[in-house]
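By convention in this document, chain letters (A, B, ...) are assigned in the order of the sequence lines, proteins followed by strands, and residues within each chain are numbered from 1.
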Amino acid sequence: MFALVDCNNFYVSCERVFQPRLANVPVVVLSNNDGCVVSRSAEAKALGIRMGVPLFQVRPLIEQHKVQVFSSNYALYGDMSYRVMSYLASVVPEVEIYSIDEAFLGLHGMERYLIQPESFAQKVRKQVMRRTHIPTCVGIAPTKTLAKLANYLAKKTVAFNGVVVLDSVERQWWALRQVPVEEVWGVGRQYGQKLRAMGLNTAADLAGCSEAWARKHMGGVVGARLVRELQGKPCHQLHPSEDGTLARKSIACTRSFGRPLSKFDDLLGAVAAFTSRAAEKLRAQDSTAYIITVFIGQNRFGPTPPPYTHSAQITLPAATNSTPDLVRAARALLVRLWQPGLVYKKAGVILDGLEGHGQPQLSLFEQLPEVQRPQSAALMRKLDQLNSRFGPNCVRVATAAVAGPKGTPAPWLGQKRLCSPERTTSWHELWEIG
DNA sequence: TCTGGGGTCCTAGGACCC
DNA sequence: TCTGGGGTCCTAGGACCC
């Protein structure tokens, strides 16, 4: 059995923890650059504000109903997530952190302690609320896909009080009949439309299909597994998260710019800054990478015909996590991509081919000229320590522009006008009482 | 005027090898 | 006219997720 614990409207809930005035009023949190709505309180959903809608499209609605609007505050959300996950890890032996606001708990072998799965789930909800003030819902079922489905029903129907347990075949089929087919985990827009067109309207309709049918119409083994999981036959194992973090297989840093950019040096400033950030994330999970991709993109909503983005990739002679190495490679890629006269709106850096540290590898530095040889690991460790202690970008490579001349913001930096304080991660912004 | 960011897994097709 | 079969690796692209 799996339990899926999902935090309700997580970003909005995080904002509410430190601002009680936000309770029971419509609240939304925006994506980077204050572009789209990515988290909504129940009250905001009731106003018809859709997930992912561009802010400018709902501006009138927001003003009319005095919706409280926040830029995203990832320092706060990341820290609150860590607190929730740490508690969950203390309750069961195995937790898989699935995303910033969701975790699967492995209940295998715990059945003898779980005479009442409902009361176990209610205890978890109550404790998460007491310790973090974050509301959650819990779905319990024999497969991950059914646990997601149970969680969906727990969120949707107030009468269930935040918990749905599907521990019998009868309950599973009852639940499958309640859920529209596009709400099934793994059914997105494309398949949703296709299934509806074929007359399959509920999760139960899909669960009634054969594996062979799913293999043919829903992307091969992915579809076959999906149907099996709906039928209560587990195909997805629990992947327990070691040390309470997620080890990524690729690491990216991509951003839309605050304004369109054309000059090579402006693009380079952005790409170097993104590369530095990606390298920090890489070192934070103690990995190295040997494949780096850079892309730059024009305004995809503008008159430019597709493709809007161009990318280039290189395989490094050896895996590295050194910022100067990676920035040097990124710069070479940008030289290949940048075209004079074009107006760019976005850029990104993606690191692939991640390896854990301690695996044998050749040293890249042996192949570089003497002048380029950094003091490698020790230097990077020091850099990360300084930035952690004195604030992001306190120390950085010279090309990574985070500020323009005379303290103006770097030209690529976007909007973030409505950000709440870093209540839990910055000494300067701690909660003040009295 | 304004339109996010960061991930995963799978498939198909080409190059290449024995 | 005949002109194998199977395996691996790589890349591009699709679909999905939060």
Counting heavy atoms from C-beta on, name the nucleotide in [options] closest to the side chain of [X].
{"X": "A/Val222", "options": "B/dT3, B/dC10, C/dC18", "answer": "B/dC10"}
{"X": "A/Ser99", "options": "C/dT11, C/dC18, B/dT3", "answer": "C/dC18"}
{"X": "A/Lys281", "options": "C/dC18, B/dT8, B/dG7", "answer": "B/dG7"}
{"X": "A/Arg225", "options": "B/dG5, B/dC9, C/dC18", "answer": "B/dC9"}
{"X": "A/Thr254", "options": "B/dG6, B/dG4, C/dC18", "answer": "B/dG6"}
{"X": "A/Lys249", "options": "C/dT11, B/dT3, B/dT8", "answer": "B/dT8"}

Round to the nearest Å and state the distance from [X] atom [atom1] to [N] atom [atom2].
{"X": "A/Phe274", "N": "B/dG5", "atom1": "CZ", "atom2": "P", "value": "8 Å"}
{"X": "A/Asp6", "N": "C/dC18", "atom1": "CG", "atom2": "P", "value": "8 Å"}
{"X": "A/Asn32", "N": "B/dG6", "atom1": "CG", "atom2": "C1'", "value": "11 Å"}
{"X": "A/Glu280", "N": "B/dG6", "atom1": "CD", "atom2": "C1'", "value": "16 Å"}
{"X": "A/Tyr98", "N": "B/dT8", "atom1": "OH", "atom2": "C1'", "value": "8 Å"}
{"X": "A/Leu30", "N": "B/dT3", "atom1": "CG", "atom2": "P", "value": "12 Å"}
{"X": "A/Ile100", "N": "B/dG6", "atom1": "CD1", "atom2": "P", "value": "12 Å"}
{"X": "A/Asp34", "N": "B/dT3", "atom1": "CG", "atom2": "P", "value": "10 Å"}

Less than 3.5 Å apart, any donor N or O on the side chain of [X] or [Y] sitting next to an acceptor on the other?
{"X": "A/Arg283", "Y": "A/Thr323", "answer": "yes"}
{"X": "A/Ser71", "Y": "A/Asp34", "answer": "yes"}
{"X": "A/Asn33", "Y": "A/Ser256", "answer": "no"}
{"X": "A/Arg125", "Y": "A/Gln122", "answer": "yes"}
{"X": "A/Asp79", "Y": "A/Thr425", "answer": "no"}

Proximity to DNA chain C (any heavy atom under 4.0 Å), residues of residues 39-58 of chain A only: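 Contacts with DNA chain C under 4.0 Å: none.
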
Any residue of residues 178-211 of chain A with a heavy atom less than 4.0 Å from an atom of DNA chain C: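 Of all residues in residues 178-211 of chain A, the ones placing a heavy atom under 4.0 Å from DNA chain C are A/Val184, A/Trp185, A/Gly186, A/Val187, A/Gly188, A/Arg189, A/Gln190, A/Tyr191.
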
Classify [X] by what it touches in the nucleic acid, base, sugar-phosphate, or nothing, heavy-atom distance under 4.0 Å.
{"X": "A/Ile251", "result": "sugar-phosphate"}
{"X": "A/Asp101", "result": "sugar-phosphate"}
{"X": "A/Phe10", "result": "nothing"}
{"X": "A/Lys416", "result": "nothing"}

- Can you check whether A/Val84's main-chain N or O pairs, donor with acceptor, with A/Thr132's side chain at less than 3.5 Å?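 Checking the backbone N and O of A/Val84 against the side chain of A/Thr132, no donor-acceptor pair under 3.5 Å is found.
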
| request: State yes or no: are the ring centers of A/Trp185 and A/Phe2 separated by less than 6.0 Å? | output: no

Where do A/Gln178 and A/Thr157 land on the side chain to side chain contact (heavy atoms under 4.5 Å, CB included) test, with the steps shown first?
CA-CA 11 Å; A/Gln178 311 306 308; A/Thr157 310; over 6 Å; no

Would you say a side-chain N or O of [X] is under 4.0 Å from OP1 or OP2 of [N]?
{"X": "A/Lys346", "N": "B/dT3", "result": "no"}
{"X": "A/Ser31", "N": "B/dT3", "result": "no"}
{"X": "A/Arg300", "N": "B/dG4", "result": "yes"}
{"X": "A/Arg259", "N": "B/dT1", "result": "no"}

- Item | Carboxylate-amine/guanidinium proximity below 4.0 Å for A/Glu118 and A/Arg171 | yes

query = What's the spacing between A/Tyr74 OH and A/Glu422 CD if we round to 0.5 Å?
reply =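 The CD atom of A/Glu422 is 13.5 Å from OH of A/Tyr74, to the nearest 0.5 Å.
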
Salt bridge (Lys or Arg N to Asp or Glu O under 4.0 Å) test vs A/Lys144 passes for just one of A/Glu102, A/Glu96, A/Glu229, namely A/Glu96

Base-pair string, DNA chain C, Watson-Crick plus G-U, cut-off 3.5 Å on both distances, | for inter-strand, is ....||||||||||||||

A/Asn73 and side chain to side chain contact (heavy atoms under 4.5 Å, CB included): which single residue from A/Glu15, A/Arg423, A/Lys416 fits?
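Looking at A/Glu15, A/Arg423, A/Lys416, the match for A/Asn73 under the side chain to side chain contact (heavy atoms under 4.5 Å, CB included) is A/Glu15.
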
